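In what follows, every chain begins at residue 1, and chains take the letters A, B, ... in the order their sequences are listed. Here the structure is a predicted model, which is why all the values come from computation and not from measurement.
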Amino acid sequence: MKLLLSLIPSLLISGACVASAASSWSFEDATLTVQGKGTGVGAGAKEKLNPSSPLSKSVALGATDTLKLLLTATDGKKAKRPHQAFLTLTDPTTGLEESFVLSVKESGKGKVDLTHKDLPIQFLTSSKPIPASIVIGSFGSSTPYKSKVFDLSVTRDPNVPLAIPEKPVRYAAESEIHHIFRADPRSPPKIITLVFAAAVVGALPILFGLWATLGANVNHMGKALGNAPVSHALFFGSILAMEGIFFMYYTTWNLFQTLPAAAVVSIVAFLSGSRALSEVQERRLAGLR
Amino acid sequence: MRWFFSFLCAALLGLSSALSSSGSRLLVVLEDVAEKGSYGGFFGDLEARGFHLAFETPKSPSLALLKFGELAYDHLLLLPTKAKGLGPALTATQLLEFMKKEGNILLALSGDHGTPTAVQSLLLELDIHLPSDRNSLVVDHFNYDGESAKDKHDVVLVPFPKVVRTDVKDYFGGEGVIAVPRAVGQTLGNESPLLAPILRAPSTAYSYNPKDESEIVEDPFAVGAQLNLVSAMQAHNSARLTILGSAEMLQDAWFEAKASLNGKAITTANRDFVAKVSGWTFKELGVLKIGKFVHYLDEGVSKKVNTSSAIPENNPSIYRIKNDVTFQVPISEYVSTHWTPYTPPSGDNIQLEFSMLSPFHRLNLSPLSQTANATLFGTTFKTPDQHGIFNFRVDYKRPFLTNIDEKRQVTVRHFAHDEWPRSWQISGAWVWIAGIWVTVGAWVGFIALWLYSAPTEKVGGKKTQ
């Protein structure tokens, strides 16, 4: 019994299948015309469409052309008016679909015109041919029809600019940004630097050498130290110390360490300098300079 | 006896702990309270998930979405009513006000009843469009239920939706076929990122008005996948509005109904799908929570070893340009009952922006570790060579997820005078440094000569001549 009960729905279904197989929607006498602007009626490429197999070559639609599709919808073998008769274009990459409604008369004869103006921008810019299928269906038990009938390749005049609308905002991860840092300051090649630094350093011995050839000497040092030992030592020492303070300031000290030290050294230099310089004056007056 | 009651209460509390992340008070508005019997399974599921249901009719004088300016209910389920208007308590403005307070709305339409004007103007404001005539419904001659709609083809059978984008989390996927009886199709405006389709109609479906006398559909409202059977809107404040094209989807009759699709017997999976849609709408799914930002100066390995200053100061208010900074943030996702670690879908990334007016850095955050209920995301970067007031900003807005937009301000200062490289470290300066010290040496030498030089015989001799 149980088996029988479970069989009933499947029996019903198979019955429905049989019933629907008895009549199914299709079309006949379908012609496809692509007509250029200005050419007369009947001119232009004409193709016959077959409900069971698509056209082997794709249909080109130019910017000024009009595509005309004429067909007669049939239910079983009879021509009949369906509730739904669409020409559906599907973008092969994005899956975008657009359907164009065929205006079908009482007799089942339907037609649709298609120009570039009717197509959404995605189809106009598509590089691949767009599969076009015909959908015929209606209420009741007849099996509806949907099959690809031809490929539409949209040709566009590349010189005519296309107003492509801006992409709408969608929430998604944006592209990464990595800050581009300014280039680090660069130094000239070290060899050049070293050559010029050597030239500068070399100038000092040359200067001393030149002075020596002109008769420069430090012969009176003993005399000066003998006449005023404390003030000379302090004076020359304080000048050296001042340079030392500058060196410390350059390397480690800050201004508040530098200034007191410089003040102390300059007082020493002032006091000892007046004594030391009067000793130098004495030597000058004695004709020893 | 009393202890038994308290024990029972505690047990019940424990049972009803499965709660929405934003509250459990749910108001159901329907034509007649007696009608709720036909939705018994759905309401039972909601109650089992911890919602406290209240039932009202639009005419009820006690009906109010807001009380003293605050939400009287956290969620609203609007079932179709026969009347053209929804009464003074449910105007489009009040529904929007409800959403502004972060109330969520599940709106069920029906092709049998027509859509109330308040709902229509609410949807129009959100750029969701319904067919202009009141009785339009969606038919599909290819995917209809052969049992209940053999002739009319108005019970559309669709598989569970697939995610269209790889970087969007799948909250509505599943196994099986969903029955959508007598649905009102919607189309969504293209401009708004807040709108998202949940369930699209099959490619051969279209919307038509059965009251229309003509034998053929001439100017359908929308066709194929452009027609949505279920669509969603999530406002900037993350309040959710879901439009269910067919209220009958929620009814017991369709929960696990026997149907046949092109001769094959199937059982509809409406119960599963409806649970997912209502769970998403009432914030049981797709709710994100962002934890505290942690950022600190990354001084490298060498400075971190065994010193008391090895532990970097967290979240300092100031950085220098070209500092290495580490940034971390925990993010959790609410799944039905509790917070879980969040993992973004494979094509998606959580991004950190380091911005002053415009972002200087926009970096993908990578998951570092997981705790019981949060994933720690982080990255390390170098502050740009531009001083100013910058923001750490995590702006994570994705379809079907609540919005995250968090900012933390820091100052980026330029180099202090003693942070530059010393002049002897710059090889180009060596010539000038040498020049200075040569001058110093020459000066000291000159003083020594001036003080201690003795007159030479020669020069003296020449002078006498």
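Only the side chain of Asp167(B) has a heavy atom closer than 4.5 Å to any heavy atom of chain A. Using a 4.5 Å cut-off between heavy atoms, Tyr250(A) touches chain B through backbone and side chain atoms alike. With a 4.5 Å cut-off on non-hydrogen atoms, Pro188(A) touches chain B through its backbone and its side chain both. The contact between Lys382(B) and chain A is made by backbone and side chain atoms together, counting heavy-atom distances below 4.5 Å. Interface remark: Phe235(A) contributes side-chain atoms only to the contact with chain B (heavy atom separation under 4.5 Å). Contact of Leu194(A) with chain B is made through the side chain alone, with heavy-atom distances under 4.5 Å. For Val169(A), the parts lying near chain B are the backbone and the side chain together; criterion is any non-hydrogen pair under 4.5 Å. Neither the backbone nor the side chain of Phe100(A) comes within less than 4.5 Å of any heavy atom of chain B. Within the 4.5 angstrom heavy-atom criterion, atoms from both the backbone and the side chain of Ala172(A) approach chain B. In this structure, chain A has a heavy atom under 4.5 Å from the backbone of Lys152(B), while its side chain stays farther away. Within the 4.5 angstrom heavy-atom criterion, only side-chain atoms of Trp437(B), from C-beta onward, approach chain A. For Trp443(B), the part sitting under 4.5 Å from any heavy atom of chain A is the side chain, from C-beta outward, and nothing else. Residue contact with chain B, scored on non-hydrogen atoms closer than 4.5 Å, involves the backbone and the side chain of Val218(A) alike. Neither the backbone nor the side chain of Leu225(A) comes within contact range of chain B, judged by heavy atoms closer than 4.5 Å. Neither the backbone nor the side chain of Leu195(B) comes within less than 4.5 Å of any heavy atom in chain A. Contact annotation for Trp25(A): neither backbone nor side-chain heavy atoms come within less than 4.5 Å of a heavy atom of chain B. Using a 4.5 Å cut-off between heavy atoms, Thr439(B) does not touch chain A at all. Residue Glu174(A) touches chain B through both its backbone and its side chain, counting heavy-atom pairs closer than 4.5 Å.
Cation-pi geometry between Arg283(A) and Tyr452(B) is not met: the NZ or CZ atom fails to fall both under 6.0 Å from the ring centre and inside 45° of the normal.
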*asked:* Applying side chain to side chain contact (heavy atoms under 4.5 Å, CB included) to Leu102(A) and Phe86(A), what does each step give before you reach the verdict?
replied: CA-CA 6 Å; Leu102(A) 271 74; Phe86(A) 293 165; 5.6 Å; no
*asked:* I'd like to know whether Gln351(B) forms a side-chain hydrogen bond (donor to acceptor under 3.5 Å, both in side chains) with Asn364(B), so could you lay out the CA-CA distance, the side-chain angles of the two residues, the decisive distance to 0.1 Å, and finally the verdict.
replied: CA-CA 4 Å; Gln351(B) 293 180 318; Asn364(B) 292 341; 3.1 Å; yes
*Could you give me the CA-CA distance, side-chain angles and deciding distance for Lys80(A) and Ser107(A), then say whether side-chain hydrogen bond (donor to acceptor under 3.5 Å, both in side chains) is met?*
CA-CA 6 Å; Lys80(A) 204 174 161 190; Ser107(A) 60; over 6 Å; no
*Between Met248(A) and Phe246(A), does a side chain to side chain contact (heavy atoms under 4.5 Å, CB included) hold up when you go through it step by step?*
CA-CA 5 Å; Met248(A) 290 310 287; Phe246(A) 286 147; over 6 Å; no
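Per-residue counts of heavy-atom pairs under 4.5 Å with chain B were compared for Glu97(A), Arg186(A), Glu166(A), Glu98(A); the largest is that of Glu97(A). Among the candidates Ala173(A), Pro168(A), Ser187(A), the residue making the largest number of heavy-atom pairs closer than 4.5 Å to chain B is Ala173(A). Interface check for chain A: of the options Trp432(B), Tyr144(B), Trp450(B), the most heavy-atom pairs under 4.5 Å are formed by Trp450(B). Of the listed residues (Glu353(B), Arg422(B), Gln386(B)), the greatest number of heavy-atom pairs within a distance under 4.5 Å of chain A belongs to Arg422(B). Looking only at heavy-atom pairs under 4.5 Å with chain A, the residue among Ser427(B), Ala429(B), Pro399(B), Ala434(B) that has the most is Ser427(B). When the candidates Ser453(B), Gly428(B), Gly347(B) are compared by the number of heavy-atom contacts under 4.5 Å with chain A, Ser453(B) comes out ahead. Most heavy-atom pairs under 4.5 Å with chain B: of the set Thr90(A), Val101(A), Asn217(A), this distinction falls to Asn217(A). The greatest number of non-hydrogen atom pairs below 4.5 Å with chain B, out of Ala276(A), Pro144(A), Ala203(A), is found for Pro144(A). Comparing Trp211(A), Tyr171(A), Phe236(A) by heavy-atom pairs within less than 4.5 Å of chain B, the highest count is held by Tyr171(A). When each of Tyr396(B), Phe354(B), Phe381(B), Trp424(B) is scored by its heavy-atom pairs under 4.5 Å with chain A, the top score falls to Trp424(B). In terms of heavy-atom pairs under 4.5 Å with chain A, the best-connected choice from Val444(B), Val168(B), Asn190(B), Asp348(B) is Asn190(B). If you tally non-hydrogen atom pairs under 4.5 Å between each of Ala199(A), Ser175(A), Ala224(A) and chain B, the highest count goes to Ser175(A).
If you run side-chain contact (heavy atoms from CB on, under 4.5 Å) between Asp395(B) and each of Asn403(B), Leu352(B), Ile350(B), Asp405(B), only Asp405(B) comes through.
A distance of 12.0 Å separates CD1 in Ile121(A) from CG in Leu96(A), rounded to the nearest 0.5 Å. The line from CG of Leu194(B) to NZ of Lys397(B) is 9.5 Å long, rounded to the nearest 0.5 Å.
Taking the six-membered ring for Trp and the full ring otherwise, the centers of Tyr206(B) and His83(A) sit less than 6.0 Å from each other. Here the two rings, on Tyr208(B) and His153(B), have centers that are 6.0 Å apart or farther.
Ring geometry for Phe360(B) versus Phe390(B): interplanar angle over 60°, hence perpendicular rather than tilted (30 to 60°). Between Phe415(B) and Trp420(B), the two ring planes are tilted [angle within 30° to 60°]. Relative orientation of the His361(B) and Phe181(A) rings is tilted, given thresholds of 30° and 60° on the angle between their planes.
Counting only N and O atoms by type, the side chains of Ser142(A) and Ser23(A) include a donor and acceptor under 3.5 Å apart. For the residue pair Ser136(B) and Asn209(B), no side-chain donor N or O sits within less than 3.5 Å of a side-chain acceptor on the partner.
The existence of a salt bridge linking Arg182(A) and Asp385(B) is confirmed by a sub-4.0 Å separation between a basic side-chain nitrogen and an acidic carboxylate oxygen.
Surrounding CZ of Arg275(A) are at most 12 heavy atoms belonging to other residues, nucleotides or ligands under 6.0 Å away.
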